[in-house]
Amino acid sequence: SSCISGNIQGATIVDALDTLYIMEMKEEFKEAKEWVEKNLDFNVNAEISVFEVNIRFVGGLLSAYYLSGEEVFRKKAVELGEKLLPAFNTPTGIPWALLNIKSGIGRNWPWASGGSSILAEFGTLHLEFVHLSHLSGNPVFAEKVMNIRKVLNRLDKPEGLYPNYLNPSSGQWGQHHVSIGGLGDSFYEYLLKAWLMSDKTDEEGKKMYYDAVQAIETHLIRKSSGGLTYIAEWKGGLLEHKMGHLTCFAGGMFGLGADGAPNDKTGHHIELGAEIARTCHESYDRTSMKLGPEAFRFDGGVEAIATRQNEKYYILRPEVIETYMYMWRLTHDPKYRQWGWEAVEALEKHCRIDGGYSGIRDVYNNHESHDDVQQSFFLSETLKYLYLLFSEDDLLPFEHWVFNTEAHPLPVLHKDDGNKEENQK
Ligand code: DMJ
(Lines give C-alpha, C1' and ligand atoms only; values in the text may rest on other atoms or scores of the structure.)
Protein backbone atom coordinates (compact mmCIF):
# COMPACT_ATOMS: atom_id res chain seq x y z
CA SER A 1 0.00 0.00 0.00
CA SER A 2 1.07 3.62 -0.36
CA CYS A 3 0.24 4.37 3.24
CA ILE A 4 3.47 5.41 4.94
CA SER A 5 3.59 4.57 8.60
CA GLY A 6 6.42 5.33 10.97
CA ASN A 7 7.55 3.91 14.23
CA ILE A 8 7.80 5.00 17.84
CA GLN A 9 11.28 6.50 18.15
CA GLY A 10 13.64 6.03 21.06
CA ALA A 11 13.60 2.27 21.78
CA THR A 12 17.28 2.18 22.72
CA ILE A 13 16.96 5.17 25.08
CA VAL A 14 13.82 3.88 26.83
CA ASP A 15 15.15 0.30 26.98
CA ALA A 16 18.39 1.58 28.60
CA LEU A 17 16.89 3.91 31.26
CA ASP A 18 16.88 1.41 34.12
CA THR A 19 20.30 0.03 33.18
CA LEU A 20 21.73 3.55 33.46
CA TYR A 21 20.00 3.99 36.81
CA ILE A 22 21.19 0.67 38.21
CA MET A 23 24.76 1.30 37.03
CA GLU A 24 24.61 4.72 38.72
CA MET A 25 25.29 6.56 35.46
CA LYS A 26 23.50 9.62 36.76
CA GLU A 27 24.43 12.13 34.06
CA GLU A 28 23.40 9.78 31.28
CA PHE A 29 20.17 8.90 33.07
CA LYS A 30 19.33 12.59 33.41
CA GLU A 31 19.99 13.16 29.72
CA ALA A 32 17.82 10.18 28.79
CA LYS A 33 15.04 11.44 31.06
CA GLU A 34 15.15 14.84 29.37
CA TRP A 35 14.92 13.14 26.00
CA VAL A 36 11.83 11.25 27.18
CA GLU A 37 10.23 14.47 28.49
CA LYS A 38 10.86 16.39 25.29
CA ASN A 39 10.76 13.82 22.51
CA LEU A 40 9.05 10.54 23.40
CA ASP A 41 5.90 10.75 21.30
CA PHE A 42 3.12 8.18 20.90
CA ASN A 43 0.90 10.38 18.75
CA VAL A 44 2.38 9.05 15.54
CA ASN A 45 0.97 7.19 12.57
CA ALA A 46 2.70 3.90 13.28
CA GLU A 47 1.82 0.25 12.98
CA ILE A 48 3.59 -1.31 15.94
CA SER A 49 4.06 -4.76 17.45
CA VAL A 50 1.95 -4.77 20.63
CA PHE A 51 4.38 -7.23 22.24
CA GLU A 52 7.59 -5.37 21.39
CA VAL A 53 6.18 -2.00 22.44
CA ASN A 54 4.89 -3.50 25.67
CA ILE A 55 8.09 -5.26 26.75
CA ARG A 56 10.51 -2.51 25.67
CA PHE A 57 8.62 0.78 26.08
CA VAL A 58 5.95 0.07 28.70
CA GLY A 59 8.33 -2.17 30.64
CA GLY A 60 11.22 0.30 30.35
CA LEU A 61 9.08 3.24 31.49
CA LEU A 62 7.58 1.30 34.40
CA SER A 63 11.01 0.28 35.68
CA ALA A 64 12.37 3.80 35.27
CA TYR A 65 9.42 5.04 37.32
CA TYR A 66 9.74 2.49 40.13
CA LEU A 67 13.50 2.99 40.40
CA SER A 68 13.62 6.78 40.17
CA GLY A 69 10.14 7.82 41.33
CA GLU A 70 10.03 10.37 38.47
CA GLU A 71 6.41 11.05 37.55
CA VAL A 72 7.09 11.55 33.83
CA PHE A 73 7.81 7.83 33.43
CA ARG A 74 4.55 6.79 35.12
CA LYS A 75 2.58 9.22 33.00
CA LYS A 76 4.16 8.07 29.74
CA ALA A 77 3.71 4.38 30.62
CA VAL A 78 -0.01 4.82 31.27
CA GLU A 79 -0.44 6.99 28.17
CA LEU A 80 1.19 4.28 26.05
CA GLY A 81 -0.83 1.53 27.76
CA GLU A 82 -4.02 3.35 26.76
CA LYS A 83 -2.79 3.49 23.16
CA LEU A 84 -2.44 -0.30 23.17
CA LEU A 85 -5.98 -1.04 24.38
CA PRO A 86 -7.65 -1.13 20.91
CA ALA A 87 -5.54 -4.23 20.15
CA PHE A 88 -7.95 -6.16 22.40
CA ASN A 89 -10.98 -5.36 20.24
CA THR A 90 -11.32 -8.89 18.83
CA PRO A 91 -14.19 -11.38 19.26
CA THR A 92 -12.33 -13.24 22.02
CA GLY A 93 -10.30 -10.39 23.50
CA ILE A 94 -7.08 -12.14 22.45
CA PRO A 95 -5.18 -9.12 21.11
CA TRP A 96 -3.88 -8.53 17.62
CA ALA A 97 -0.12 -8.76 17.08
CA LEU A 98 0.02 -5.50 15.14
CA LEU A 99 -1.76 -2.25 15.89
CA ASN A 100 -1.87 1.11 14.17
CA ILE A 101 -1.74 3.38 17.22
CA LYS A 102 -3.23 6.29 15.30
CA SER A 103 -6.26 4.54 13.79
CA GLY A 104 -6.58 1.80 16.41
CA ILE A 105 -6.84 -0.82 13.66
CA GLY A 106 -5.24 -4.17 14.44
CA ARG A 107 -4.26 -7.22 12.44
CA ASN A 108 -2.06 -10.30 12.74
CA TRP A 109 1.24 -11.25 11.13
CA PRO A 110 0.44 -12.47 7.62
CA TRP A 111 2.70 -15.53 8.13
CA ALA A 112 1.02 -16.71 11.34
CA SER A 113 -1.05 -19.90 11.02
CA GLY A 114 -4.54 -19.07 9.66
CA GLY A 115 -4.68 -15.52 11.00
CA SER A 116 -3.55 -16.53 14.48
CA SER A 117 -2.16 -14.42 17.29
CA ILE A 118 1.12 -15.65 18.82
CA LEU A 119 1.32 -17.23 22.29
CA ALA A 120 4.58 -15.48 23.26
CA GLU A 121 3.11 -12.14 22.18
CA PHE A 122 -0.36 -12.09 23.77
CA GLY A 123 1.04 -14.10 26.70
CA THR A 124 3.69 -11.51 27.50
CA LEU A 125 1.56 -8.56 28.55
CA HIS A 126 0.50 -9.72 31.99
CA LEU A 127 3.18 -8.22 34.27
CA GLU A 128 3.14 -4.78 32.66
CA PHE A 129 -0.66 -4.57 32.47
CA VAL A 130 -1.09 -5.50 36.14
CA HIS A 131 1.29 -2.66 37.00
CA LEU A 132 -0.52 -0.25 34.67
CA SER A 133 -3.75 -0.89 36.59
CA HIS A 134 -1.89 -0.57 39.87
CA LEU A 135 -0.37 2.79 38.90
CA SER A 136 -3.35 4.30 37.08
CA GLY A 137 -6.15 3.07 39.31
CA ASN A 138 -7.85 1.90 36.11
CA PRO A 139 -8.73 -1.83 36.29
CA VAL A 140 -9.14 -2.17 32.50
CA PHE A 141 -5.50 -3.21 31.90
CA ALA A 142 -5.59 -6.08 34.38
CA GLU A 143 -9.01 -7.15 33.09
CA LYS A 144 -7.65 -7.49 29.55
CA VAL A 145 -4.86 -9.85 30.60
CA MET A 146 -7.00 -11.85 33.01
CA ASN A 147 -9.38 -12.50 30.10
CA ILE A 148 -6.49 -13.96 28.06
CA ARG A 149 -5.98 -16.54 30.81
CA LYS A 150 -9.69 -17.30 30.82
CA VAL A 151 -9.71 -18.01 27.08
CA LEU A 152 -6.66 -20.28 27.44
CA ASN A 153 -8.14 -22.18 30.36
CA ARG A 154 -11.34 -22.95 28.45
CA LEU A 155 -9.38 -24.67 25.66
CA ASP A 156 -8.25 -28.29 25.47
CA LYS A 157 -4.49 -28.50 25.21
CA PRO A 158 -2.82 -31.23 23.11
CA GLU A 159 -0.86 -33.42 25.57
CA GLY A 160 -1.13 -30.58 28.07
CA LEU A 161 0.99 -28.37 25.81
CA TYR A 162 0.20 -24.83 24.59
CA PRO A 163 0.39 -24.40 20.80
CA ASN A 164 2.15 -21.22 19.61
CA TYR A 165 -0.86 -20.10 17.54
CA LEU A 166 -4.34 -19.05 18.66
CA ASN A 167 -6.98 -17.51 16.42
CA PRO A 168 -8.42 -14.36 18.04
CA SER A 169 -11.69 -14.61 16.13
CA SER A 170 -12.60 -18.27 16.63
CA GLY A 171 -10.75 -18.75 19.89
CA GLN A 172 -9.29 -22.00 18.52
CA TRP A 173 -5.67 -23.12 18.25
CA GLY A 174 -3.89 -22.78 14.92
CA GLN A 175 -1.09 -25.20 13.99
CA HIS A 176 -0.02 -27.49 16.80
CA HIS A 177 3.53 -26.19 17.04
CA VAL A 178 4.96 -25.90 20.54
CA SER A 179 8.13 -24.03 21.47
CA ILE A 180 9.91 -22.88 24.60
CA GLY A 181 11.94 -20.65 22.28
CA GLY A 182 10.63 -18.16 19.72
CA LEU A 183 6.81 -17.82 19.54
CA GLY A 184 6.27 -19.55 22.92
CA ASP A 185 9.05 -18.60 25.36
CA SER A 186 7.96 -15.65 27.48
CA PHE A 187 4.38 -16.92 27.86
CA TYR A 188 5.72 -19.57 30.26
CA GLU A 189 8.03 -17.05 31.91
CA TYR A 190 5.10 -14.71 32.63
CA LEU A 191 2.97 -17.42 34.25
CA LEU A 192 5.72 -18.00 36.82
CA LYS A 193 6.56 -14.32 37.24
CA ALA A 194 2.88 -13.31 37.57
CA TRP A 195 2.68 -15.63 40.55
CA LEU A 196 5.94 -14.29 42.04
CA MET A 197 4.97 -10.65 41.35
CA SER A 198 1.65 -11.19 43.15
CA ASP A 199 3.56 -12.11 46.32
CA LYS A 200 2.60 -15.71 45.54
CA THR A 201 -1.15 -15.08 45.68
CA ASP A 202 -1.90 -15.72 41.97
CA GLU A 203 -2.62 -19.45 42.34
CA GLU A 204 -3.97 -19.66 38.78
CA GLY A 205 -0.67 -18.46 37.30
CA LYS A 206 1.22 -20.85 39.57
CA LYS A 207 -0.81 -23.87 38.53
CA MET A 208 -0.61 -23.01 34.83
CA TYR A 209 3.19 -22.70 35.11
CA TYR A 210 3.92 -25.93 36.95
CA ASP A 211 1.43 -27.92 34.83
CA ALA A 212 3.07 -26.56 31.68
CA VAL A 213 6.57 -27.45 32.91
CA GLN A 214 5.38 -31.00 33.62
CA ALA A 215 4.13 -31.38 30.03
CA ILE A 216 7.31 -29.77 28.65
CA GLU A 217 9.46 -32.26 30.58
CA THR A 218 7.46 -35.20 29.33
CA HIS A 219 7.23 -34.19 25.67
CA LEU A 220 10.05 -31.73 24.84
CA ILE A 221 13.04 -32.22 27.13
CA ARG A 222 15.55 -34.80 25.95
CA LYS A 223 19.15 -35.83 26.68
CA SER A 224 21.70 -36.24 23.88
CA SER A 225 23.93 -39.30 23.66
CA GLY A 226 26.77 -37.07 24.86
CA GLY A 227 24.76 -36.27 27.98
CA LEU A 228 23.50 -32.76 27.17
CA THR A 229 19.94 -31.93 28.24
CA TYR A 230 18.08 -29.87 25.66
CA ILE A 231 14.57 -28.61 24.91
CA ALA A 232 13.32 -29.66 21.48
CA GLU A 233 10.49 -28.17 19.40
CA TRP A 234 7.21 -30.11 19.02
CA LYS A 235 5.32 -30.12 15.73
CA GLY A 236 2.05 -32.01 15.90
CA GLY A 237 3.63 -34.75 18.01
CA LEU A 238 6.95 -34.94 16.13
CA LEU A 239 10.14 -33.56 17.67
CA GLU A 240 12.55 -31.29 15.91
CA HIS A 241 15.85 -31.72 17.78
CA LYS A 242 16.76 -28.06 17.63
CA MET A 243 17.20 -25.57 20.45
CA GLY A 244 17.14 -21.83 19.85
CA HIS A 245 19.34 -19.30 21.64
CA LEU A 246 16.02 -17.83 22.82
CA THR A 247 15.20 -21.17 24.52
CA CYS A 248 18.27 -20.82 26.75
CA PHE A 249 16.34 -18.39 28.99
CA ALA A 250 14.52 -21.48 30.32
CA GLY A 251 17.50 -22.48 32.47
CA GLY A 252 17.00 -19.36 34.55
CA MET A 253 13.24 -19.81 34.55
CA PHE A 254 13.46 -23.37 35.91
CA GLY A 255 15.87 -22.13 38.55
CA LEU A 256 13.65 -19.21 39.53
CA GLY A 257 10.63 -21.51 39.76
CA ALA A 258 12.41 -24.24 41.71
CA ASP A 259 11.52 -22.94 45.15
CA GLY A 260 7.77 -23.19 44.53
CA ALA A 261 7.83 -26.52 42.68
CA PRO A 262 5.24 -29.00 43.90
CA ASN A 263 5.91 -32.61 45.03
CA ASP A 264 9.42 -32.08 46.42
CA LYS A 265 10.68 -31.13 42.97
CA THR A 266 12.74 -28.10 44.06
CA GLY A 267 16.06 -29.89 43.65
CA HIS A 268 14.95 -31.35 40.36
CA HIS A 269 14.06 -27.93 38.90
CA ILE A 270 17.41 -26.47 40.04
CA GLU A 271 19.16 -29.43 38.39
CA LEU A 272 17.16 -28.86 35.19
CA GLY A 273 18.18 -25.19 35.21
CA ALA A 274 21.82 -26.17 35.73
CA GLU A 275 21.71 -28.70 32.88
CA ILE A 276 20.19 -26.18 30.45
CA ALA A 277 22.86 -23.65 31.49
CA ARG A 278 25.58 -26.24 30.76
CA THR A 279 24.09 -27.11 27.36
CA CYS A 280 23.85 -23.45 26.39
CA HIS A 281 27.41 -22.84 27.56
CA GLU A 282 28.47 -25.74 25.31
CA SER A 283 26.70 -24.05 22.38
CA TYR A 284 29.00 -21.04 22.98
CA ASP A 285 32.13 -23.08 23.67
CA ARG A 286 31.80 -25.10 20.45
CA THR A 287 32.10 -22.00 18.22
CA SER A 288 35.31 -20.23 17.23
CA MET A 289 34.16 -16.92 18.69
CA LYS A 290 32.83 -18.36 21.99
CA LEU A 291 29.48 -16.72 21.33
CA GLY A 292 26.45 -18.88 20.70
CA PRO A 293 24.56 -19.33 17.43
CA GLU A 294 20.89 -18.42 16.94
CA ALA A 295 19.96 -22.12 16.96
CA PHE A 296 21.80 -25.38 17.49
CA ARG A 297 20.91 -28.97 16.75
CA PHE A 298 21.13 -32.42 18.20
CA ASP A 299 20.84 -34.58 15.11
CA GLY A 300 22.86 -35.83 12.18
CA GLY A 301 25.80 -36.58 14.45
CA VAL A 302 26.15 -33.10 16.01
CA GLU A 303 25.43 -31.80 19.49
CA ALA A 304 24.86 -28.15 20.41
CA ILE A 305 26.16 -26.94 17.03
CA ALA A 306 24.45 -24.90 14.30
CA THR A 307 24.37 -26.82 11.03
CA ARG A 308 22.47 -24.40 8.81
CA GLN A 309 24.18 -21.25 7.58
CA ASN A 310 21.14 -19.12 8.48
CA GLU A 311 21.32 -20.23 12.13
CA LYS A 312 24.96 -19.29 12.75
CA TYR A 313 24.47 -15.63 13.66
CA TYR A 314 24.66 -13.96 17.09
CA ILE A 315 22.78 -10.70 17.54
CA LEU A 316 23.89 -9.75 21.09
CA ARG A 317 21.10 -11.79 22.65
CA PRO A 318 20.96 -12.09 26.46
CA GLU A 319 19.34 -15.46 27.22
CA VAL A 320 22.45 -17.48 28.03
CA ILE A 321 23.88 -14.76 30.29
CA GLU A 322 20.41 -14.34 31.84
CA THR A 323 20.45 -18.03 32.81
CA TYR A 324 24.00 -17.68 34.25
CA MET A 325 22.78 -14.75 36.39
CA TYR A 326 19.79 -16.67 37.79
CA MET A 327 21.82 -19.82 38.43
CA TRP A 328 24.58 -17.78 40.09
CA ARG A 329 22.10 -16.11 42.46
CA LEU A 330 20.47 -19.45 43.26
CA THR A 331 23.56 -21.65 43.69
CA HIS A 332 26.64 -19.38 43.94
CA ASP A 333 28.52 -21.97 41.90
CA PRO A 334 31.55 -19.97 40.63
CA LYS A 335 31.33 -21.57 37.17
CA TYR A 336 28.47 -19.23 36.28
CA ARG A 337 30.69 -16.17 36.81
CA GLN A 338 33.48 -17.87 34.85
CA TRP A 339 31.12 -18.55 31.97
CA GLY A 340 29.79 -14.99 32.14
CA TRP A 341 33.32 -13.64 32.00
CA GLU A 342 34.06 -15.77 28.92
CA ALA A 343 31.09 -14.04 27.28
CA VAL A 344 32.38 -10.59 28.32
CA GLU A 345 35.76 -11.33 26.72
CA ALA A 346 34.16 -12.64 23.54
CA LEU A 347 31.86 -9.60 23.28
CA GLU A 348 34.84 -7.25 23.69
CA LYS A 349 36.92 -9.17 21.19
CA HIS A 350 34.38 -9.78 18.46
CA CYS A 351 31.41 -7.40 18.86
CA ARG A 352 32.99 -4.14 20.05
CA ILE A 353 33.19 -1.62 17.23
CA ASP A 354 33.44 2.16 16.98
CA GLY A 355 30.33 3.64 18.54
CA GLY A 356 29.00 0.49 20.18
CA TYR A 357 28.58 -3.26 19.76
CA SER A 358 27.50 -5.21 16.71
CA GLY A 359 25.99 -8.58 15.95
CA ILE A 360 28.04 -11.25 14.15
CA ARG A 361 26.95 -13.09 10.98
CA ASP A 362 28.79 -16.38 11.63
CA VAL A 363 30.18 -17.33 15.04
CA TYR A 364 31.99 -20.36 13.57
CA ASN A 365 34.09 -18.17 11.29
CA ASN A 366 37.55 -17.00 12.29
CA HIS A 367 37.05 -13.39 11.28
CA GLU A 368 34.10 -11.20 12.14
CA SER A 369 31.47 -10.18 9.68
CA HIS A 370 29.52 -7.51 11.61
CA ASP A 371 25.84 -6.90 10.90
CA ASP A 372 26.22 -3.28 12.12
CA VAL A 373 23.15 -3.48 14.38
CA GLN A 374 23.10 -2.91 18.14
CA GLN A 375 19.77 -4.32 19.31
CA SER A 376 18.13 -2.32 22.10
CA PHE A 377 18.02 -5.46 24.28
CA PHE A 378 21.83 -5.41 24.42
CA LEU A 379 21.59 -2.43 26.80
CA SER A 380 18.42 -3.46 28.62
CA GLU A 381 19.24 -7.14 29.08
CA THR A 382 22.69 -8.39 28.10
CA LEU A 383 24.65 -5.68 29.93
CA LYS A 384 22.23 -5.53 32.88
CA TYR A 385 22.35 -9.28 33.47
CA LEU A 386 26.17 -9.22 33.24
CA TYR A 387 26.26 -6.37 35.75
CA LEU A 388 23.97 -8.26 38.13
CA LEU A 389 26.00 -11.46 37.68
CA PHE A 390 29.03 -9.62 39.13
CA SER A 391 27.08 -7.66 41.78
CA GLU A 392 25.93 -8.66 45.25
CA ASP A 393 22.58 -10.42 45.61
CA ASP A 394 21.04 -7.43 47.40
CA LEU A 395 21.03 -5.35 44.23
CA LEU A 396 17.44 -5.87 42.98
CA PRO A 397 16.81 -8.91 45.22
CA PHE A 398 14.41 -11.55 43.86
CA GLU A 399 12.18 -11.24 46.95
CA HIS A 400 11.22 -7.72 45.90
CA TRP A 401 11.68 -7.57 42.12
CA VAL A 402 10.74 -9.59 39.06
CA PHE A 403 12.31 -8.87 35.69
CA ASN A 404 10.03 -8.52 32.71
CA THR A 405 11.10 -10.42 29.60
CA GLU A 406 13.19 -7.42 28.47
CA ALA A 407 14.98 -7.42 31.89
CA HIS A 408 13.07 -4.44 33.24
CA PRO A 409 12.63 -4.88 37.00
CA LEU A 410 9.09 -4.53 38.36
CA PRO A 411 8.39 -4.57 42.09
CA VAL A 412 6.57 -7.46 43.73
CA LEU A 413 3.15 -6.20 44.80
CA HIS A 414 3.26 -7.19 48.44
CA LYS A 415 0.01 -8.23 50.10
CA ASP A 416 0.37 -5.77 52.94
CA ASP A 417 1.55 -2.56 51.27
CA GLY A 418 -0.58 0.01 49.57
CA ASN A 419 1.60 2.33 47.50
CA LYS A 420 4.92 2.11 49.19
CA GLU A 421 6.64 -0.60 47.18
CA GLU A 422 8.79 1.97 45.42
CA ASN A 423 12.53 2.29 45.94
CA GLN A 424 12.94 -1.12 47.57
CA LYS A 425 16.33 -1.28 46.01
C1 DMJ B 1 14.10 -9.61 23.86
O2 DMJ B 1 13.33 -8.65 23.22
C3 DMJ B 1 13.31 -10.34 24.90
O4 DMJ B 1 14.17 -11.04 25.76
C5 DMJ B 1 12.31 -11.30 24.30
O6 DMJ B 1 11.65 -12.07 25.29
C7 DMJ B 1 13.02 -12.25 23.36
N8 DMJ B 1 13.87 -11.59 22.41
C9 DMJ B 1 14.71 -10.51 22.83
C10 DMJ B 1 16.12 -10.90 23.22
O11 DMJ B 1 16.69 -11.92 22.52
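What you see is a predicted model, and the numbers here were worked out from it, not measured in a lab. For the single chain, residues carry numbers from 1 onward in sequence order. As the structure lists them, so they are numbered: ligands from 1, and atoms in each ligand from 1.
- Listed by first then second residue, pairs satisfying salt bridge (charged side-chain N to carboxylate O under 4.0 Å, His left out) with a partner in residues 276-292 read Glu282-Arg286, Asp285-Lys290, not counting sequence neighbours.
- At a heavy-atom cutoff of 4.0 Å, ligand 1 is surrounded by Ile55, Arg56, Leu246, Arg317, Pro318, Glu319, Phe377, Glu381, Thr405, Glu406.
- Here the side chains of Asp185 and Phe249 are in contact, with some heavy-atom distance below 4.5 Å.
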Using the rule given for salt bridge (charged side-chain N to carboxylate O under 4.0 Å, His left out), can you reason through Glu406 versus Arg56, listing the C-alpha separation, both sets of side-chain angles and the distance that settles it, and then say yes or no? CA-CA 6 Å; Glu406 191 78 358; Arg56 300 184 199 218; 3.8 Å; yes

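- Residues meeting the salt bridge (Lys or Arg N to Asp or Glu O under 4.0 Å) test with Lys83, sequence neighbours left out: none.
- Taking 4.5 Å as the limit, every side-chain heavy atom of Lys206 sits out of range of all side-chain heavy atoms of Asp202.
- Not counting sequence neighbours, Glu217 has no partner by the salt bridge (Lys or Arg N to Asp or Glu O under 4.0 Å) test.
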